[in-house]
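Accompanying notes for the structure given below.
All chains are named by letter (A, B, ...) in the order of the sequence lines, taking the proteins before the strands, and each is independently numbered beginning at 1.
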Protein chains: 2
Amino acid sequence: MAEVDDTDRLLLDLLRVDARRTYSDMAGEVGLSVAAVKRRVDRLREIGVITGFTVQVDHARLGAGVEAFIELRFLGNTRVSAIVRSVGSIPEVQAVFTLAGDPDALVQVRVRDLAHLQLVIDTLRRSGSVTGTRTLMVLGSWERRD
Amino acid sequence: MAEVDDTDRLLLDLLRVDARRTYSDMAGEVGLSVAAVKRRVDRLREIGVITGFTVQVDHARLGAGVEAFIELRFLGNTRVSAIVRSVGSIPEVQAVFTLAGDPDALVQVRVRDLAHLQLVIDTLRRSGSVTGTRTLMVLGSWERRD
DNA sequence: CTTGAAATCTCCTAGCT
DNA sequence: AGCTAGGAGATTTCAAG
């Protein structure tokens with residue numbers, strides 16, 4: 001099991017708000033030396049708690065203004081790994097969530113416009129053993145930014 | 001409109017993979033000087049294309065192993081801003097997507113266990129003018145990590 | 001308007017206590 | 001975990017295309 005103490009959690013909170021924060025900044029916040037902070041962050045990466053650092057982008061300003069969730073239903077004998085593999089290979093797909101019950105999966109996509117969305121939905125329906133889709137168009141979104 | 005050229009997009013790709021990459025690294029990748037890269041990244045932040053930098057965490061290793069999407073339905077007269085505000089104030093809520101049609105919103109939550117999930121669902125049903133919920137339990141997930 | 005080079009300052013990292 | 005030293009990176013300034 002991963003041993004993560006309160007200081008580690010505080011560091012994770014700080015990095016969640018700004019992943020490019022310097023170790024010096026964080027050291028000041030948590031009351032440790034710079035070296036100690038670096039050792040903790042390195043350790044969090046090594047034990048797999050931190051899986052990476054990424055940039056948050058306003059996709060609406062990059063010509064991919066339409067976002068949607070697509071519920072998928074599959075044939076009963078479809079393997080989960082096959083679902084993720086085939087759906088994940090579609091470039092417009094941002095994330096795939098396999099689910100318990102009905103539907104079988106939830107796919108988050110980002111596209112330029114509605115015609116583009118139609119294309120992606122068609123691709124999904126053709127890829128593998130999809131028996132049905134239901135599309136939820138996103139009008140607005142809010143994400144935790146503590 | 002935001003003017004983003006191919007070099008900017010390349011920088012965004014590089015930062016998406018590793019947001020703590022140094023300017024020197026990026027300068028080598030895109031064939032510009034360190035100063036030019038910094039200016040471009042600064043500009044992308046200023047014009048709102050880059051909204052932030054964050055850490056990616058394996059929540060399963062932090063005692064929040066259960067993830068779910070909750071579809072919400074509201075009374076017809078409910079304002080979208082009110083939905084987001086009330087739902088977003090629940091700490092377990094990671095994201096809120098307001099939707100066109102039915103359901104009215106999709107809420108992504110992360111909780112310790114099923115008892116905790118039940119608590120959050122109860123809270124959602126009590127907060128504001130929720131008329132119905134439907135919970136999709138996440139078994140597994142995949143996110144684009146280009 | 002954007003770039004590159006140089007100077008300065010801060011920060012990172014490793015070794016050691 | 002802290003301290004320290006040497007190297008690497010960040011940031012500003014200035015000159016040029």
Checklist entry - Taking it one step at a time, do D122(B) and R126(B) satisfy salt bridge (Lys or Arg N to Asp or Glu O under 4.0 Å)? => result CA-CA 6 Å; D122(B) 287 346; R126(B) 265 187 277 104; 5.4 Å; no
Item to check | L139(A)/V80(B) under side chain to side chain contact (heavy atoms under 4.5 Å, CB included): CA gap, chis, key distance, verdict | outcome: CA-CA 10 Å; L139(A) 295 180; V80(B) 171; 6.0 Å; no
Give me the distances for all protein-to-nucleotides 10-17 of chain D N/O pairs that come in under 3.5 Å?
unit_1, atom_1, unit_2, atom_2, d
dA10(D), OP2, Y23(B), N, 3.1
dT11(D), OP2, K38(B), NZ, 3.4

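The CZ atom of R40(A) sits 18 Å away from the C1' atom of dT13(C) (whole-angstrom rounding). Straight-line distance from the CG atom of L32(B) to the C1' atom of dG4(C): 10 Å, rounded to whole Å.
A salt bridge does not link R145(A) with E143(A): every distance from a Lys NZ or Arg NE/NH1/NH2 to an Asp or Glu carboxylate oxygen is 4.0 Å or more. Under 4.0 Å is where a charged nitrogen must lie from a carboxylate oxygen, and between D13(A) and R16(A) at least one such pair does.
Side-chain atoms of L15(B) and L44(B), non-hydrogen and from C-beta on, never get closer than 4.5 Å to each other. With contacts defined as side-chain heavy-atom distances shorter than 4.5 Å, the pair E29(B)/V37(B) does not qualify.
Judged by distance alone, the side chains of H59(B) and E67(B) never bring a donor and an acceptor atom under 3.5 Å apart.
Summary of helix geometry: the two end axes of the helix from dC1(C)-dG17(D) to dT17(C)-dA1(D), each defined by five base pairs via their C1' atoms, are inclined to each other by 40° (rounded to 10°).
Heavy atoms from other residues, nucleotides or ligands lying under 6.0 Å from CZ of R79(A) number 12 at most.
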